[in-house]
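Only one structure is covered here, and it is reproduced in the block below.
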Amino acid sequence: MSEPSIPADRTGDGYVVTRDGTKIFYKDWGSGQPIVFHHGWPLSADDWDAQMLFFLAQGYRVIAHDRRGHGRSSQSYTGNEMDTYAADVAELALKLNLKDAIHIGHSTGGGEVARYVAQYGGGGRVAKAVLIGAVPPVMVKSEKNPGGLPIEVFDGFRKTLAANRAQFFRDVPAGPFYGFNRPGVETIPGVVDNWWRQGMMGSAKAHYDCIKAFSETDFTEDLKKIEVPTLVLHGEDDQIVPIGASARLSAPLLRKGTLKTYPGLPHGMATTHADQINADLLAFVKSP
C-alpha cells in the first residue's frame, strides 16, 4: 500500500485515529525537514511552544502530538503504556508521511522516543533523536538497577494523584519540576499555571497508568537498538529524573550517543532555559 502524501491544504492541526479508535491530536506547522516533539507526563504538545516557534523560524517543519489520555487526545481507558504510545506515534508518522525526521523527547516523551525509534525508526523514517531529562534506561529501583528510585516513590505519586490531582499538579511545577524550590530561584507563576492547565486537560486514569509506564518500563534494549545519532541532554540538578540513574546510564548504551549535561539546571530546563537548550538542539540538528 502506498503511503499517503501530505495534503496541500494542511490546516496546522488535526487528529489521527488509531487502530483502537483513539483520537491523537497533533500540531503540524511549516515545511522542510520534520522535527517531532514528544512531551512529558502529564503535559501536552503545548509544552513545546518555545521549541516549535524557534525551529519553525529556522525553516523546519515542526510537529507535536498529545499522547493518548493527555491534552486534547482521547481519554483512553486502555493503551496507557509504552508499546501503545510508540505505536500511536508510528500511526501519526504514517499519516503525515514523515521521512528523515528528528524526534525530540522530554522525560516520559524521551522514553516514547526510545521505544518508537527502536521499533519503527528504520527505512529512513528517523534521522536523529534527542532525549532531554529522559526516563531511560529505567527509573524504578531493582536488583539490576540499584541506583533507581524506590517503588514507594511512584506509589506515592499514585496515591497523591488519586487523592487530589488538582493540588498535586500545582505542587510539582511550583516545586521540583522547574527547580523553583531551590534557594534564590524565582518562581514564574505563568509557567506553573501553564503546567497545571495542561495537566488538568488530560485524563486522571491515563495519568495514573502512565506513572507505571514511565517508572517501570525498561528501555535498555531499545537504546541498544537505536542506530541514528542521539543526543542526551540532562540538567545536573534534575529532581524529577535524577541524572545518575538516567542520562549517565543511557548515553553509553547508544551506538551513536552524545551526552551533554548542564550544571544547576532543572528537569524543566527546556522551558526555564529555552534559549540555551534551543541553541544546543539547533547545533545538533544541523550537524553532519
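For this chain, numbers begin at 1 and follow the sequence in order.
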Taking a hydrophobic cluster as the set of Ile, Leu, Val, Met, Phe, Trp and Tyr residues connected by side-chain heavy atoms closer than 4.5 Å, whether directly or through intermediates, do [X] and [Y] fall within one such cluster?
X: Met201; Y: Ile211; result: no
X: Leu265; Y: Ile243; result: no
X: Ile240; Y: Tyr208; result: yes
X: Ile226; Y: Leu98; result: no

Does one side chain, of [X] or [Y], offer a donor that lies under 3.5 Å from an acceptor on the other?
X: Ser31; Y: Arg61; result: no
X: Thr84; Y: Asn80; result: no
X: Ser44; Y: Gln198; result: yes
X: His106; Y: Glu112; result: no
X: Gln167; Y: Asp171; result: yes
X: Ser107; Y: His267; result: yes

Grab the two heavy atoms, one from [X] and one from [Y], that are nearest each other, plus how far apart they are.
X: Val17; Y: Glu91; value: O-OE1, 3.9 Å
X: Val126; Y: Val228; value: O-CG1, 3.4 Å
X: Thr22; Y: Ser76; value: OG1-CB, 4.0 Å
X: Asp100; Y: Ala127; value: OD1-CB, 3.0 Å
X: Thr187; Y: Val192; value: CG2-CG2, 4.0 Å
X: Leu56; Y: Gly30; value: CD1-CA, 3.6 Å

Checklist line | Phe37 and Trp29: CA distance, side-chain angles, deciding distance, ring pair (Phe, Tyr, Trp, His ring centres under 6.0 Å) verdict | finding: CA-CA 12 Å; Phe37 296 93; Trp29 304 340; 9.8 Å; no
Are the charged groups of [X] and [Y] less than 4.0 angstrom apart, N to O?
X: Lys225; Y: Asp222; result: no
X: Arg68; Y: Asp20; result: yes
X: Asp13; Y: Arg72; result: no
X: Arg170; Y: Asp193; result: yes
X: Asp88; Y: Arg67; result: no

Check: When the ring planes of Tyr116 and His103 are compared, do they come out parallel, tilted or perpendicular, using 30° and 60° as the limits?
Finding: tilted
Next item on the list: Could you label the plane-to-plane angle of the Phe154 and Phe157 rings as parallel, tilted or perpendicular, counting under 30° as parallel and over 60° as perpendicular?
Entry: perpendicular
Gap between atom [atom2] of [Y] and atom [atom1] of [X] - 0.5 Å precision:
X: Thr272; Y: Glu186; atom1: OG1; atom2: CD; value: 13.0 Å
X: Asp28; Y: Ile63; atom1: CG; atom2: CD1; value: 4.5 Å
X: Asp218; Y: Asn145; atom1: CG; atom2: CG; value: 8.0 Å
X: Asp209; Y: Thr78; atom1: CG; atom2: OG1; value: 9.5 Å
X: Glu152; Y: Lys141; atom1: CD; atom2: NZ; value: 9.0 Å
X: Lys212; Y: Cys210; atom1: NZ; atom2: SG; value: 12.0 Å

Next item on the list: Report yes or no: is the cationic atom of Lys27 (NZ for Lys, CZ for Arg) closer than 6.0 Å to the six-membered ring centre of Phe25, at no more than 45° off its axis?
Entry: no
Checklist line | Cation over ring face, Lys205 and Tyr77, 6.0 Å, 45° | finding: yes
Min side-chain heavy-atom separation [X]-[Y] under 4.5 Å:
X: Lys260; Y: Val232; result: no
X: Pro137; Y: Leu253; result: yes
X: Ile104; Y: Gln51; result: no
X: Met139; Y: Ser246; result: no
X: Ile35; Y: Met52; result: no
X: Phe219; Y: Arg115; result: yes
X: Val130; Y: Ile132; result: yes
X: Val113; Y: Leu131; result: yes

Checklist line | Steps toward side-chain contact (heavy atoms from CB on, under 4.5 Å) verdict (Gln119, Asp83) | finding: CA-CA 9 Å; Gln119 294 191 358; Asp83 283 340; 3.8 Å; yes
Notebook entry, point to check: Hey, is the main chain of Ala247 close enough, under 3.5 Å, to the side chain of Ser250 for a donor-acceptor pair?
Noted result: no
Note to self: Between Ser73 (side chain only) and Gly69 (backbone N and O only), is there a donor and an acceptor less than 3.5 Å apart?
What the structure shows: no
Next item on the list: Test Phe214 against Trp41 for ring pair (Phe, Tyr, Trp, His ring centres under 6.0 Å), laying out the working first.
Entry: CA-CA 8 Å; Phe214 74 64; Trp41 175 94; 5.5 Å; yes
Check: Between Tyr262 and Asp280, is a side-chain hydrogen bond (donor to acceptor under 3.5 Å, both in side chains) present by the stated rule, with each step listed?
Finding: CA-CA 11 Å; Tyr262 299 84; Asp280 289 342; 2.6 Å; yes
Check: Between Lys224 and Leu254, does a side-chain contact (heavy atoms from CB on, under 4.5 Å) hold up when you go through it step by step?
Finding: CA-CA 5 Å; Lys224 292 177 181 178; Leu254 294 159; over 6 Å; no
Note to self: Please determine whether side-chain contact (heavy atoms from CB on, under 4.5 Å) holds for the pair Leu282 and Phe55, giving the CA-CA distance in whole Å, both sets of side-chain angles, and the decisive distance to 0.1 Å.
What the structure shows: CA-CA 8 Å; Leu282 182 62; Phe55 280 99; 3.8 Å; yes
Check: Between Leu96 and Tyr26, does a side-chain contact (heavy atoms from CB on, under 4.5 Å) hold up when you go through it step by step?
Finding: CA-CA 10 Å; Leu96 299 182; Tyr26 67 88; 3.8 Å; yes
Next item on the list: Please report the C-alpha distance between His70 and His39 in whole Å, then the side-chain angles of each, then the deciding distance to 0.1 Å, and finally whether the ring pair (Phe, Tyr, Trp, His ring centres under 6.0 Å) criterion is met.
Entry: CA-CA 10 Å; His70 295 65; His39 65 80; 5.4 Å; yes
Next item on the list: With Glu227 as reference, evaluate Lys256, Lys128, Arg125, Arg255 under the salt bridge (Lys or Arg N to Asp or Glu O under 4.0 Å) test and give the passing residue.
Entry: Arg255
